[in-house]
Chemist: 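Here it is: the structure, laid out below.
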Amino acid sequence: MSDYSWRVGGTSGISDSENGVEAVYLRKLPSSKYKGVVPQPNGRWGAQIYEKHRRTWLGTFNEEEEAAKAYDVAARRFRGYAALTNFMVSEKGIQDDIETTFLNSHSKAEIVDMLRKHTYNDELEQSARNYGSKESGTDVMESKPSACARVQLFDKVVTPSDVGKLNRMVIPKQHAEKHLPLQLASSSKGGLLNFEDNGGKIWRFRYSFWNSSQSYVLTKGWRRFVKEKNLKAGDIVSFHRSTGSDKRLFIEWEQRDSSRKPSMKQVESGQMVRLFGVNLFSKS
DNA sequence: AAATGTGTTGAC
DNA sequence: TCAACACATTTG
């Protein structure tokens, strides 16, 4: 009997360590029936597309079909409407649909980024919402992220560990419990929350409670945000929610003004106070 | 330690 | 151009 199994590289194996003998049986990874889809050692699926001898990685996915759809999106953006895809249909004369417009208004890099973050569908949906509002005459203020009526939830001056290699941001407990009930996160999408930034870009973070530190944290997806915004310790991240019933969430960030002397400015935000360049929490 | 995604190769 | 494979790098 095999004591355990594992997978490394392009092969997987089973180790039988009876009598201290380590016999290894290599097993081939299953090929995908979909174009642009490759198996991953852990049973998940990767998507990739080639262009001029160069491979562009499109991310990893739980389902083979998800990966195939990611490839399709990339194929259409990279090679045009007539590109060969796994699922998409290309009929003559409908090259002006919303998705095509959406694809054409974003760079390849942006589309790839959305695919790797798994936010493509959300961004497309949001784009469609904006498009629809123009047509129907609905108040643009309700859909346009930068102008949408919103209420502030809380700010946080990010700490060194928030922007460090821990790849997570701690949400101060009182704010988390007041504004972001874990139930809201863990209910439908398994702990995933979408936030829109001022550019209308969607950021998806995993939101969870860590028992070890008794703290609420944003984990998966946070590192990418820190990197793209070049977030530094001391910068302020601001969380908002739309006032409407649509429950949309927003994230904003503000760079620390290092040109100003810390002692000259007192920034107050919620229960946090920045004084003499030091962040203090007021007792309450 | 596990997962991701790059280096590389050879078939098509 | 493409997927297979090995495995270095990155992430949790």
Chemist: Of the candidate nucleotides dA4(C), dT4(B), dC2(C), which contains the atom at the shortest distance from the side chain of Pro39(A)?
Modeler: dA4(C)

Chemist: Please state whether the rings of Phe154(A) and His175(A) are parallel, tilted or perpendicular, taking 30° and 60° as the class boundaries.
Modeler: parallel

Chemist: Can you check whether Lys28(A) has a side-chain N or O nearer than 4.0 Å to OP1 or OP2 of dC5(C)?
Modeler: yes

Chemist: May I have the distance from Trp45(A) (atom CH2) to dG5(B) (atom P), rounded to whole angstrom?
Modeler: 17 Å

Chemist: In whole Å, I'd like the distance from the CG atom of Asn42(A) to the P atom of dA2(B).
Modeler: 11 Å

Chemist: Measuring from the side chain of Val38(A) (C-beta onward, heavy atoms only), which nucleotide among dA4(C), dG5(B), dG12(C) has the closest atom?
Modeler: dA4(C)

Chemist: Do Glu64(A) and Tyr34(A) have side-chain N/O donor and acceptor atoms under 3.5 Å apart?
Modeler: no

Chemist: What about Gln48(A), does its side chain sit under 3.5 Å from the base of dG5(B) through a donor-acceptor pair?
Modeler: no

Chemist: Would a 4.5 Å heavy-atom cut-off, applied to side chains only, mark Gln126(A) and Ile202(A) as touching?
Modeler: yes

Chemist: Per the atom types in the model, does the base of dG7(B) pair as donor or acceptor with the side chain of Arg55(A) at under 3.5 Å?
Modeler: yes

Chemist: Rounded to whole angstrom units, what separation is found between the CD1 atom of Ile49(A) and the P atom of dC2(C)?
Modeler: 7 Å

Chemist: Just by distance, no angles: are the side chains of Arg44(A) and Thr60(A) close enough, under 3.5 Å, to form a donor-acceptor pair?
Modeler: yes

Chemist: Rounded to the Å, how far apart are Gln40(A) CD and dA1(B) P?
Modeler: 20 Å

Chemist: 5'-most contact on DNA chain B: Gly59(A) or Tyr50(A), nearest heavy atom basis?
Modeler: Gly59(A)

Chemist: Side chain of Glu51(A), heavy atoms from C-beta onward: which of dT1(C), dT6(B), dA3(B) has the nearest atom to it?
Modeler: dT1(C)

Chemist: Pick base, sugar-phosphate or nothing for Arg224(A), based on heavy-atom distances below 4.0 Å to the nucleic acid.
Modeler: nothing

Chemist: Tell me the interatomic distance from Leu29(A), atom CG, to dA3(C), atom C1', rounded to whole angstroms.
Modeler: 12 Å

Chemist: Would you please confirm or rule out a distance under 4.0 Å between OP1 or OP2 of dG12(C) and any side-chain N or O of Lys220(A)?
Modeler: no

Chemist: Whole-Å distance between dA3(C) C1' and Asn86(A) CG?
Modeler: 14 Å

Chemist: Report the distance from atom CZ of Arg206(A) to atom P of dG12(C), rounded to the nearest whole Å.
Modeler: 10 Å

Chemist: Could you go through the ring-ring contact (aromatic ring centres under 6.0 Å, His included) check for Phe61(A) and His118(A) one step at a time?
Modeler: CA-CA 9 Å; Phe61(A) 305 84; His118(A) 297 192; 4.6 Å; yes

Chemist: How many Å lie between CH2 on Trp210(A) and C1' on dG12(C), as a whole number?
Modeler: 8 Å

Chemist: Select base, sugar-phosphate, or nothing to describe what Arg79(A) touches, counting heavy atoms under 4.0 Å on all strands.
Modeler: sugar-phosphate

Chemist: For the residue pair Asn194(A) / Trp203(A), report whether a side-chain donor-acceptor contact shorter than 3.5 Å exists.
Modeler: no

Chemist: For a quick check of understanding: with a heavy-atom distance under 4.0 Å over all strands, which category does Lys52(A) fall into, base, sugar-phosphate or nothing?
Modeler: sugar-phosphate

Chemist: Students often get this wrong, so: under 4.0 angstrom with heavy atoms, is Ser31(A) touching a base, only sugar-phosphate, or nothing?
Modeler: sugar-phosphate

Chemist: Does Arg168(A) place a side-chain N or O at less than 4.0 Å from the phosphate oxygens OP1/OP2 of dT11(C)?
Modeler: no

